[in-house]
Protein chains: 2
Amino acid sequence: MHESITIKDIAKALGFSTSTVSRALRDSHEISAETKRIVLEYAEKINYQPNPIALSLKERKSHSIGVVVCEVANNFFSQAISGIESIAYSRGYHVILSQTHESFEREIVNVNHLASRSVDGLLVSLSSGTINLDHFKKLHDKGLPIVFFDRIPKEINTHKVASNNFEGAFKATEHLINSGFKTIAHLANAAHLSISTERLAGYKAALEKHQLTFTEDLIKYCGHGGMVFEEVETAVKELLHLKNKPDAVLITSDRLSTCCLTILNHLGLSVPDDLAIAGFTNSNTAELFNPPLTTIRQPAFKIGQLATEKLISIIESKYPVTEFTTQLLDTEFSIRSSSVLSRKPALPDVF
Amino acid sequence: MHESITIKDIAKALGFSTSTVSRALRDSHEISAETKRIVLEYAEKINYQPNPIALSLKERKSHSIGVVVCEVANNFFSQAISGIESIAYSRGYHVILSQTHESFEREIVNVNHLASRSVDGLLVSLSSGTINLDHFKKLHDKGLPIVFFDRIPKEINTHKVASNNFEGAFKATEHLINSGFKTIAHLANAAHLSISTERLAGYKAALEKHQLTFTEDLIKYCGHGGMVFEEVETAVKELLHLKNKPDAVLITSDRLSTCCLTILNHLGLSVPDDLAIAGFTNSNTAELFNPPLTTIRQPAFKIGQLATEKLISIIESKYPVTEFTTQLLDTEFSIRSSSVLSRKPALPDVF
DNA sequence: TAAATTTATGCAATCGTTCCCGACGTTCTG
DNA sequence: CAGAACGTCGGGAACGATTGCATAAATTTA
């Protein structure tokens, strides 16, 4: 890739100046039709490609956006990234990927690495290890466009796109209640994440609406979100040994859902008879599970698309953007046998 | 992000020339210790960050690698990308993502877009729509480092990393034979992909070894690799209506495996009694399926890592690389109930 | 016909950095 | 003590493109 041709080569070959060539290629009005033709034909012939890095330097714009997620190999995030890529591609932006592995330090390093002017904007889903947002605030104050998605912070005023986690959890919990379950546990990701608090709130609201008392014991947090199997195993076992043993559990994370099902299968427990399950997951195969899993599915692809559109709108805005939105997208609730008792028919879900 | 500080600002503030500042920051031997101290302290104080784009222009190196895959939201590829990111990150490279959606045209556009000098090398898994490799050859001849992984071409001489598809298919087929199945169908991705031909060869070899005759009818190709459900549905139904109806099927693609199981469940057929299944998939939840799915799993993460290491080794090589390797990594075979008859005990797998 | 305008092009600065080369001053060598 | 050697530093040309300004020729206008 060293003998790459530049505008200078064209100028030299054709006897023009570089400015004339540049303008001809850009179809400037101040270049004669004849000159344009000559330049364009020659450029075409030798397959001239403008150097994007030189352009970036000049325009102070890299035409690329950085994506910061905890893990790529995850149903939700890979779908979201697919959405991000689709929009970015169509708008002429490159997508640069980085993973935090739920580590605060890694998030700081990645964000700064991306931000040190090689990226026009950032698309971020917070890591569970994030304990403060200074690294984002600093960049945001400097004027770097940032859009948060899925795991979003309250403290930073910018566009945010996420699922309607409250309603997703509310609906699923209400479904469990309507299906006849009385003691509903809650298995969650790291407690401080927006997805956790919002889903917990939805869960609580559903309990309250149906006059079920909320018990702290029934809430279990798994800080690693299912990445550490033992953590989930302990949590599930603790739930099962409770005096007020739950008959159902709402699981608010993808990996947690599958982990929990695995654990119950290993323990030889029957789902839903011993313990019913409804879980947040973006797996495409929940229907295939044994038993088929009742799921709350997030519109991951759409979330990625919307977040990217909003980011690019900030990037390309002529004037500073000060009005920001937080957009919540509805989740998709699918009732399957993991939450419907086989021995006694379930009550109708509407009532 | 406009008031970003440059080496010039430091020079002006400190009364040095830009060259001195640059050298001081680079810890050049021709700068006095005292000057270095002053410059470094000041740079630290005002949080100077070198402009990577200017560096790229100067060094003709972007410190980023382009990844071209058909689909991010896919178990195998998202795991592979995770491996790619892990190595790239540790070696100081950015990962730029693009998807072809199995389209030839899109592959050409993406590859050229990435290659037009904004990327130091390319990591490619071919799309199923790819009918010729001219776009890669052109770039490869120009000196752009390319490493292929998973779906690899024969015609281009460079590093390649993939699974040992032959052996994976061979083992699984032999397992089906040893489990007592006589008529083993083969459900595959687009016929011309390396993964398809290699897996087909493994399948044929196992049949041959066990004196089973190979029948063309029993091979069904799904050009969209399971992205188009109807295509798979048609293929499966055709298999089921064959005069020599298969009692087992080897499925050689991730999405195809789950699609097929879904279809069989929908048809009310019992797996493995009506039709046994063994499939290539990188799903983490095959164990949870109904029935648990016998799988051939590819070391996706490792493949991504190795491919990236090889790519970076070419990129950073002082002299032109002419010796290339094709590395095949072993697959992981997990026998589960989808391939083991419940009515009659299976024959031992060894023998 | 002189002046004003338009047309088509070149010059040179710019983006932020590196690095070759030259210019000092000091110290060492013979 | 002259010259070499060294240690420090600045000037300025790159890298590849864009663009404001100047300029020359051609054309129009008065």
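Computed over heavy atoms, backbone and side chain alike; hydrogens, waters and symmetry mates excluded. Letters A, B, ... are given to chains in the order of the sequence lines, protein chains preceding strands, and every chain is numbered from 1. Because the structure is a prediction, the values reported are computed rather than measured.
Contact annotation: Lys58(B) side-chain N/O to dG16(D) OP1/OP2 distance is not under 4.0 Å. Contact annotation: Ser22(B) side-chain N/O to dT18(C) OP1/OP2 distance is under 4.0 Å. Checking the phosphate oxygens (OP1, OP2) of dG10(C), a side-chain nitrogen or oxygen of Ser17(A) falls inside 4.0 Å. Between Arg60(A) and dT14(C) there is no side-chain N or O to OP1 or OP2 distance below 4.0 Å. Between Lys8(A) and the phosphate of dC15(D), there is a side-chain N or O to OP1/OP2 separation shorter than 4.0 Å. Side-chain nitrogen and oxygen atoms of Arg26(A) include none within less than 4.0 Å of the OP1 or OP2 phosphate oxygen of dA17(D). When the side-chain nitrogen and oxygen atoms of Tyr48(A) are compared with OP1 and OP2 of dG16(D), none of them lie within a distance under 4.0 Å.
The shortest non-hydrogen separation linking Val69(A) to Phe77(A) is CG1-CD2, 3.7 Å. Pairing each heavy atom of Ser17(B) with each of Ala11(B), the nearest pair is C-CB, 3.8 Å.
The stretch residues 33-47 of chain A comes close to DNA chain C through Thr35(A), each having a heavy atom under 4.0 Å from the strand.
Side-chain contact annotation: Ser127(A) with Glu102(A), donor-acceptor N/O pair under 3.5 Å absent. A donor atom on one side chain and an acceptor atom on the other are found under 3.5 Å apart for Ser86(B) and Gln305(B). Side chains of Lys36(A) and Ser28(A): a donor-acceptor N/O pair is absent below 3.5 angstrom, by distance only.
DNA chain D is contacted by both Arg23(B) and Ala54(B); Arg23(B) maps to the nucleotide lying nearer its 5′ end (nearest heavy atom per residue). Of the two residues near DNA chain D, Pro50(A) and Ser32(B), the one whose nearest nucleotide lies more 5' is Ser32(B).
The side chain of Ile7(B) has dT18(C) as its nearest neighbour among dT18(C), dC9(D), dC19(C).
For the pair Glu85(B) and Arg106(A), the salt-bridge criterion is met [side-chain N within less than 4.0 Å of a carboxylate O]. In summary, Arg91(B) and Glu309(B) do not engage in a salt bridge, as defined by a charged side-chain N under 4.0 Å from a carboxylate O.
Spacing between atom CG of Asp27(A) and atom C1' of dT19(D) amounts to 16 Å, rounded to whole angstrom units. Rounded to an integer number of Å, the gap from Leu57(B) CG to dC19(C) P is 13 Å. If you measure from atom CD1 of Ile31(A) to atom P of dG10(C), you get 8 Å, rounded to the nearest angstrom.
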Identify all pairs in which a protein N or O lies below 3.5 Å from an N or O of nucleotides 4-6 of chain D, and state each distance.
none

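Within 6.0 Å of NZ in Lys61(B) there are more than 12 heavy atoms belonging to other residues, nucleotides or ligands.
An angle of 60°, rounded to 10°, separates the two end axes of the helix from dT1(C)-dA30(D) to dG30(C)-dC1(D), each defined over five pairs.
Relative to the six-membered ring of Phe16(B), Arg23(B) misses at least one condition, a distance below 6.0 Å or an angle of at most 45° to the axis.
Note: Phe324(A) and His159(A) have perpendicular aromatic rings, judged against thresholds of 30 and 60 degrees for the angle between ring planes. Classified by interplanar angle (parallel below 30°, tilted 30° to 60°, perpendicular above 60°), the ring pair Phe136(A)/Phe148(A) is perpendicular.
For dC9(D), its base sits under 3.5 Å from the side chain of Glu30(B) at one donor and acceptor pair at least.
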